[in-house]
**Student:** 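To start, I am sharing the structure in question, which I have written as structure tokens.
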There are 2 protein chains.
Amino acid sequence: MSGTETSRKRSGEHGTAKLAEFASALSIRDIPEHVVERCVDLFVDWAGSALSGARHRAILAVDDFAKEMGPNHGRSEVLISGRTTSPLFAAMVNAAASHVSEQDDVHNGSVFHPGAVVFPAVLAVAQNIGASGREFLTACVAGYETGIRAGEYLGLPHYKVFHTTGTAGTLAAAAAAGRLLGLSSEQMLNAFGLAGTQAAGVWEFLRDAADSKQLHTGKAAANGLTAASLAARGFTGARRILEGEQGMGAGMSQNCDTTKITAGLGVRWALAETSFKFHASCRHTHPAADALLKIVQEHDLRAEDIEHVTAHVHQAAIDVLGSVVRPATVHQAKFSMPATLGLIAVHRRAGLDEFDTALEDEAVREFMRRVDMVFDPEVEQNYPATWMGKVSVTTKGGTVLTDRIEEPKGDPGNTLTRGEIEKKVRSLAEYGGALDRDGWTRVSRRLWSIASLEEIGSLLR
Amino acid sequence: MSGTETSRKRSGEHGTAKLAEFASALSIRDIPEHVVERCVDLFVDWAGSALSGARHRAILAVDDFAKEMGPNHGRSEVLISGRTTSPLFAAMVNAAASHVSEQDDVHNGSVFHPGAVVFPAVLAVAQNIGASGREFLTACVAGYETGIRAGEYLGLPHYKVFHTTGTAGTLAAAAAAGRLLGLSSEQMLNAFGLAGTQAAGVWEFLRDAADSKQLHTGKAAANGLTAASLAARGFTGARRILEGEQGMGAGMSQNCDTTKITAGLGVRWALAETSFKFHASCRHTHPAADALLKIVQEHDLRAEDIEHVTAHVHQAAIDVLGSVVRPATVHQAKFSMPATLGLIAVHRRAGLDEFDTALEDEAVREFMRRVDMVFDPEVEQNYPATWMGKVSVTTKGGTVLTDRIEEPKGDPGNTLTRGEIEKKVRSLAEYGGALDRDGWTRVSRRLWSIASLEEIGSLLR
């Protein structure tokens with residue numbers, strides 16, 4: 001058997017190879033119209049997140065680094081400033097920027113934020129090579145389908161220590177960039193191997209309120225793009241990076257289920273399962289926030305009417321949020337159940353502006369002492385397929401009110417309308433301050449029409 | 001207590017913070033003269049490895065990627081071509097190039113190749129900021145001491161799946177680049193956090209003879225430099241990246257010993273424990289290669305006199321080399337015990353040129369079928385502190401000859417002289433073909449005089 005025949009035969013044999021074949025061969029004609037439309041929604045939603053990071057200290061540091069290390073011109077756009085550079089640095093800065101406001105999308109089953117890593121990588125490559133809107137969207141779908149399955153394969157034992165958006169996200173970005181670069185299935189498999197062997201990001205930063213989370217998305221997008229670019233140049237990677245004996249599953253998780261790598265490929269569209277974030281906080285706070293909002297609205301409770309709130313949560317919420325005991329920064333407040341529920345109780349809203357002032361707001365700070373979080377077996381049992389919200393409120397009068405929501409606001413069964421997305425994204429763009437209202441109107445029109453663009457040029461000019 | 005006081009107090013409390021303080025405060029006056037001298041030896045040895053990669057397909061792919069993504073001018077030199085670019089890409093290409101010939105240095109106790117990640121990061125930054133030779137060497141020592149301790153902390157359970165040079169190497173590069181950039185101990189601790197959360201690289205590529213190993217060193221150097229550069233800009237990282245509950249030890253290893261993070265800091269110089277490689281193959285093959293060489297020389301055996309060779313090895317040798325059953329490429333042959341011992345039996349040498357032709361050499365191929373590798377409890381017990389070599393040779397006449405070496409050639413107790421290093425490095429540079437003999441003579445003089453340079457400029461021009 002020749003080397004090529006051996007390769008072909010082997011590439012049909014295991015999950016990662018099938019996933020690579022899928023990502024490499026995906027055509028816009030294979031993708032149902034509602035999935036393409038949802039991809040446009042997610043893209044617009046993502047652009048808002050990317051623009052919202054424009055004034056954040058950590059993002060400006062990444063951009064300053066990119067200015068020192070990268071070229072100061074190119075065809076790929078850094079959205080927070082409109083300057084151009086090479087695809088690598090545009091992807092890095094845009095991906096870092098899109099994860100800082102905690103408003104980017106999330107896929108429940110994989111506990112993974114695909115938008116923050118897929119769109120920056122694809123946009124940077126698409127602008128560089130002059131791809132069309134249809135090619136752009138096809139590549140994005142390849143990225144979502146790949147990254148979500150990688151995240152589901154790595155599973156919850158992985159998520160206990162690793163930030164899946166940093167790890168599975170690298171494969172997502174590689175698949176997306178690789179599709180746009182026209183990688184063959186063999187090259188795509190190499191790109192996956194090279195992405196997985198760069199995959200990194202651990203949760204330890206949470207207890208220090210450090211900036212690492214933005215580096216995770218920035219590097220996942222940049223490293224995935226690197227993997228695809230190297231594979232296009234003949235650089236090779238491991239063929240079984242997910243399921244091999246010395247692969248990601250072996251080193252970074254336990255009891256991984258290989259059937260998840262290819263589950264429903266081409267039939268089940270994981271992109272359409274992706275949720276929009278409504279509150280500006282860690283997704284693990286949203287189910288309880290929605291359940292509390294329901295109670296305070298239905299019973300017309302003010303913060304001062306409430307003696308105590310208990311959020312009944314899944315284990316991962318405790319793993320991620322439990323390390324934030326007393327939030328010291330705005331970003332850490334977004335990883336605090338007490339801060340999030342405090343904003344809901346006081347303002348009935350937990351948006352960007354509310355979080356910015358949460359820690360100086362005496363009413364919120366006072367309320368935070370009245371919140372606790374307990375493990376709940378029923379919530380755990382349904383997680384991560386369903387992120388159920390359950391809270392008990394004890395009023396000052398001693399009444400105990402318990403309620404639940406089955407799907408947090410923004411989930412596929414409780415999704416945002418295009419009007420709600422537009423409103424959310426405009427507010428994110430205004431928050432970032434990189435665009436005035438006229439500027440936003442012009443950009444918004446271009447974002448929503450992405451599917452019909454013959455060539456993805458500048459989004460901002 | 002103010003935030004700064006809290007930080008100060010906390011930074012004294014745990015190993016990673018002490019390591020960061022050490023790396024940040026290290027001065028050339030603290031370093032014994034023999035350690036500085038050995039650092040020069042290791043630097044010259046490394047430069048040979050970097051130059052040797054000049055014609056390798058995988059390295060040319062990385063350089064081509066760097067040309068697309070990075071600036072095409074700057075103060076940092078890409079050694080394989082002499083072109084200049086920004087520090088990030090010079091570090092990436094030089095680090096990739098220095099790991100491809102399998103001739104770069106290794107620290108036994110941590111099973112880590114420090115030179116391939118430390119020197120590229122420091123050289124790129126030093127050229128960029130115009131550092132002196134003394135500053136350069138101080139930064140290199142900081143990198144070696146940090147990376148080796150990180151590798152020892154992560155330990156052998158980590159090495160079973162992870163390429164420690166990719167993971168601990170990221171911290172090594174961060175410490176080295178950070179020292180040169182003058183990071184405070186707080187910034188250095190942030191740099192460690194940011195390095196550790198980018199740390200990656202798994203062994204899965206070995207069974208496919210893929211190019212990932214070069215990406216591991218390239219990215220470790222570049223990511224460590226990124227961590228230091230971001231920390232210098234105020235970007236923050238986890239404080240307990242090694243020992244934290246959601247840090248590297250928790251996610252990527254088992255039973256890590258936190259005392260190893262600071263073992264003998266400032267007293268024990270781990271750099272001086274680093275070994276030079278003599279054979280052009282994976283270090284796990286060297287002890288057996290040296291023991292076989294001893295037997296064939298002492299008994300004047302030719303390859304055809306030998307019926308069978310058994311290498312008695314430690315478990316990590318089986319983990320790393322065991323996946324290479326039938327080597328298909330030159331690089332894979334370097335991870336093959338049969339190929340390495342075949343070259344020793346046939347040529348009494350296993351250098352770059354011998355490996356290049358090993359798989360087409362009928363005598364070597366035939367000999368390879370007569371080699372096996374078995375686990376040996378005594379070798380295992382001494383590993384990784386000592387890499388003992390033990391082989392049994394059965395001659396065609398039926399005699400069984402068994403011998404051992406306590407330290408492979410190049411280990412600190414059996415080290416290379418400066419003359420041997422010069423000879424090895426010249427041959428590596430010639431192999432790469434980037435320099436003619438006159439060019440090498442000029443460059444060699446500059447390399448050996450690194451300590452006295454007022455400003456590290458171009459090494460090649």
Side-chain angles (χ1 to χ4, degrees), chain A residues 3 57-58 60-62 64-65 68-72 86-89 160-163 166 190 193-194 196-212 214-216 219 223 226 229-230 233-241 244-248 250-252 319 323 328, chain B residues 3 57-58 60-62 64-65 68-72 86-89 160-163 166 190 193-194 196-212 214-216 219 223 226 229-230 233-241 244-248 250-252 319 323 328:
Chain A
R57 173 189 55 74
L60 296 175
V62 175
D64 194 52
F65 168 77
E68 182 185 357
M69 300 300 172
N72 55 20
S86 70
L88 188 76
F89 292 96
K160 275 190 98 74
V161 175
F162 290 92
H163 183 197
N190 284 317
L194 297 171
T197 209
Q198 295 180 80
V202 291
W203 285 118
E204 182 59 26
F205 72 90
L206 276 180
R207 41 181 68 71
D208 303 310
D211 300 323
S212 314
Q214 283 61 253
L215 186 61
H216 294 174
K219 290 309 295 287
N223 289 341
T226 300
S229 298
L230 286 173
R233 290 171 165 89
F235 199 96
T236 60
R239 303 178 68 83
R240 294 170 184 266
I241 193 65
E245 281 171 52
Q246 290 171 303
M248 293 176 77
M252 303 164 94
D319 293 342
S323 59
Chain B
R57 173 189 55 75
L60 296 175
V62 175
D64 194 53
F65 168 77
E68 183 185 356
M69 300 300 173
N72 56 18
S86 71
L88 187 76
F89 292 97
K160 276 191 96 74
V161 175
F162 290 93
H163 184 197
N190 283 318
L194 297 171
T197 210
Q198 295 180 80
V202 292
W203 285 119
E204 181 59 28
F205 72 90
L206 276 180
R207 39 182 69 73
D208 302 311
D211 300 324
S212 315
Q214 283 61 254
L215 185 61
H216 294 173
K219 289 310 295 286
N223 289 341
T226 299
S229 298
L230 286 174
R233 290 171 164 87
F235 199 96
T236 60
R239 303 177 67 83
R240 294 170 183 266
I241 194 66
E245 280 170 52
Q246 290 171 302
M248 293 175 77
M252 304 164 93
D319 292 342
S323 59

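All of these numbers come straight from a predicted model, not from anything done at the bench.
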**Student:** What's the separation between atom CZ in A/Phe65 and atom CG in B/Leu230, rounded to the nearest 0.5 Å?
**Tutor:** 5.5 Å
**Student:** Heavy-atom cut-off 4.5 Å, strictly under: side chain, backbone, both or neither for B/His163 against chain A?
**Tutor:**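 Neither the backbone nor the side chain of B/His163 comes within 4.5 Å of chain A.
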**Student:** Got a second to check how far B/Phe205's CZ is from A/Asn190's CG, nearest 0.5 Å?
**Tutor:** 13.5 Å
**Student:** Identify the heavy atoms of A/Ser212 and B/Phe235 that sit nearest to each other, and give their distance.
**Tutor:**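 Closest heavy-atom pair between A/Ser212 and B/Phe235: N-CE2, 4.2 Å.
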**Student:** Please report the interatomic distance CG(B/Asp208) to CZ(A/Arg239), rounded to the nearest 0.5 Å.
**Tutor:**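 These two atoms lie 6.5 Å from each other.
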**Student:** Looking at CD of B/Glu245 and CZ of A/Arg207, how far apart are the two atoms once the value is rounded to the nearest 0.5 Å?
**Tutor:**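 So the CD of B/Glu245 and the CZ of A/Arg207 are separated by 4.5 Å.
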**Student:** Which residue out of A/Ser86, A/Gly193, A/Ala328 racks up the most heavy-atom pairs below 4.5 Å with chain B?
**Tutor:** A/Ser86
**Student:** Minimum heavy-atom separation for A/Phe89 to B/Met69, with atom names?
**Tutor:**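 In terms of heavy atoms, the two residues are closest at CE1-O, 3.6 Å.
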**Student:** Taking B/Leu215, B/Asp64, B/Leu88, B/Asp211 one by one, which has the highest count of heavy-atom pairs under 4.5 Å against chain A?
**Tutor:** B/Asp211
**Student:** By a 4.5 Å heavy-atom criterion (distance strictly below it), what part of B/Ala199 contacts chain A: side chain, backbone, both, or neither?
**Tutor:**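 Contact with chain A is through the backbone of B/Ala199 alone.
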**Student:** Below 4.5 Å from any heavy atom of chain A, which atoms of B/Phe162 appear? Answer side chain, backbone, both or neither.
**Tutor:** side chain
**Student:** As an exercise: rank A/Ile241, A/Thr226, A/Asp319, A/Val62 by heavy-atom pairs under 4.5 Å with chain B and give me the winner.
**Tutor:**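 Most heavy-atom pairs under 4.5 Å with chain B: A/Thr226.
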**Student:** Where is the tightest heavy-atom contact between B/Ala210 and A/Ala238, given as atom of each residue plus distance?
**Tutor:** CB-N, 3.9 Å
**Student:** Of all the heavy-atom pairs spanning B/Gly251 and A/Val161, show the shortest one and how long it is.
**Tutor:** CA-CG1, 3.5 Å
**Student:** Please walk me through it: do B/Glu204 and A/Thr197 pass side chain to side chain contact (heavy atoms under 4.5 Å, CB included)?
**Tutor:** CA-CA 8 Å; B/Glu204 181 59 28; A/Thr197 209; over 6 Å; no
**Student:** Quick check on the interface: out of A/Val202, A/Leu194, A/Asn72, A/Leu60, who has the most heavy-atom pairs with chain B under 4.5 Å?
**Tutor:**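 Of the candidates given, the most pairs with chain B belong to A/Val202.
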